[in-house]
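Here's the structure we're looking at; comments come further down.
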There are 2 protein chains.
Amino acid sequence: MELHSVVIVEDHNLLSQAIAGLVNSFNKFTVLYTCKNGKDLLTKLKTPTNIPEIILMDVNMPILNGIETTEILKNEYPNLKVLALSVEENETTIIKMLKAGAKGYLLKDVEKEILETALIETITHGYYHTKDVSNILINSLNEGNKGNVKLKEREIEFLKNVCSEMTYKQIAEKMFLSPKTIDGYRDNLFQKLEVKNRIGLVLYAIKNGIFKI
Amino acid sequence: MELHSVVIVEDHNLLSQAIAGLVNSFNKFTVLYTCKNGKDLLTKLKTPTNIPEIILMDVNMPILNGIETTEILKNEYPNLKVLALSVEENETTIIKMLKAGAKGYLLKDVEKEILETALIETITHGYYHTKDVSNILINSLNEGNKGNVKLKEREIEFLKNVCSEMTYKQIAEKMFLSPKTIDGYRDNLFQKLEVKNRIGLVLYAIKNGIFKI
DNA sequence: GTTAAATAGGGTGAAAACACCTTAATTTTT
DNA sequence: AAAAATTAAGGTGTTTTCACCCTATTTAAC
């Protein structure tokens, strides 16, 4: 019987190797190789023999995160099936990942049997969703249009600076802008992100991986 | 040859099982069982045959975290060797964990060979430290007395509330205190934690697991 | 049993944050 | 080429935050 090839993208080495061991123990699957981040993966994929059937992708990674990477893969390798694997239970993250084209989203506390099932289902039916994730998704449907807030480069830079002990005046200096412009950025983001104050911005930035603790 | 027994304490099931697989693949070690949190572990340890030589302990866990659990183990089972295993690179967390009695602190991105070395060294010499962690520790020595800030129950409750979009006035109402008392709590914490403003408090609370995103 | 500290609260003033509304130049869309 | 959107910035006023002062109980320590 032919083994299905899997590639693991995960920045933490030990986890990467441990998960690889697990996948190799499943009798229909084999790990082709592992990558430390999205950039690594894209480089590897340029060699045609390096293209697997399934990619197990962590969401929180440095350099090129799971969401961005999956989005690129959707366009450049549409036949590649991406399964997200993350500790992140945040609705907006899950939605972003699925919108980016992931075929499923596994939380890192699933049983290993579920991982095997997910891999098999993804090969045979093209997707797999756990009840956990489905529930989170259904709940978030009622909350309307989350997950499709588009932030500009400068706004992201601003948000990162907001997650510090600087005053807005200091942020303005650092970004070479007038304090009044910063006021505008802030007020805009309050609306866009539906938050009331700076604390809300900080929490949003951290939840969405814009600022890493 | 006698195998050395290891217990894994880790809240994420998949990781727990993956790491267990890894440890079982080392030829001097075997996994006795795994636990989902510190409380689970303490219960299990009450049965004498359940006492291993080494505990591989995650730091961030619900119910009873790695630091608290290690502290309890130091008193109740002083011969038990705890190795911390975490993604947390934060100096204060590492220091707290080592102060609590951990024999080593491994970051989750180490190679599996390092994990094996760490286990062997901990059995033979009683401790193991990677260069990464040593460097972080040495750097933090210059920063003086971090990691020994004692927070009171009410301060922790306050800190949790600070990580929200409430104003201090609203926090005061919620905690049935005068806004002026809240002022005092805040100013005290600014000094204790060496931060300048509310954002600093939020970042501290999140870094130290007081507030979970 | 006096001293120390922790706990809860008050007053005042300055700085920062927030709300809301307007404008002017540039860029993008149509 | 005209309309619309984006980016940067100013004005004004209120609320919140922060800094630094101080006081009265109640616990804990010596």
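Convention: sequence-line order gives letters A, B, ...; per-chain numbering from 1.
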d([atom1], [X]; [atom2], [N]) in whole Å:
X	N	atom1	atom2	result
A:Glu153	D:dT7	CD	P	11 Å
B:Glu173	C:dA8	CD	P	17 Å
A:Ile182	D:dA9	CD1	P	9 Å
B:Arg154	C:dA5	CZ	P	23 Å
A:Leu189	D:dT7	CG	P	12 Å
B:Lys169	D:dT17	NZ	C1'	12 Å
B:Gln170	C:dC18	CD	C1'	14 Å
A:Gln191	C:dC18	CD	P	15 Å

Handout entry: DNA chain D contacts made by residues 195-203 of chain B, counting heavy atoms under 4.0 Å
Key =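 Contacts with DNA chain D under 4.0 Å: B:Lys196, B:Asn197, B:Arg198.
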Practice task
Say whether, by atom type as modelled, one donor and one acceptor occur between the side chain of B:Thr70 and the main chain of B:Gly66 under 3.5 angstrom.
Solution key: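 Present.
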Exercise for the section: Tell me yes or no: between the side chains of B:Lys212 and B:Asn60, is some donor less than 3.5 Å from an acceptor? Expected result: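 B:Lys212 vs B:Asn60: no donor-acceptor pair found between side chains.
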Problem - B:Asn13 versus B:Gln17, side-chain donor and acceptor atoms under 3.5 Å - result: yes
Between [Y] and [X], is there a salt bridge with N-O shorter than 4.0 Å?
X	Y	result
A:Asp58	A:Lys108	yes
B:Glu68	B:Lys39	no
A:Lys192	A:Glu155	yes
A:Lys160	A:Glu157	no

Exercise for the section: Please check the phosphate of C:dC18 (OP1 and OP2 only) for any side-chain N or O of A:Tyr168 closer than 4.0 Å. Expected result: yes
Handout entry: C:dA6 phosphate, OP1 or OP2, under 4.0 Å from B:Lys152 side-chain N/O
Key =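 No.
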Between [options], which one does the side chain of [X] approach most closely?
X	options	value
A:Asp183	D:dT7, C:dA19, D:dT16	C:dA19
A:Thr181	D:dA9, C:dT12, C:dA19	D:dA9
A:Thr167	D:dA8, C:dA16, C:dG9	C:dA16
B:Arg186	D:dT17, C:dT7, C:dA17	D:dT17
A:Lys180	C:dG9, D:dG11, D:dC18	D:dG11

Practice task
Look at all strands and tell whether B:Tyr185 reaches a base, only sugar-phosphate, or nothing, counting heavy atoms closer than 4.0 Å.
Solution key: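 Touches sugar-phosphate only.
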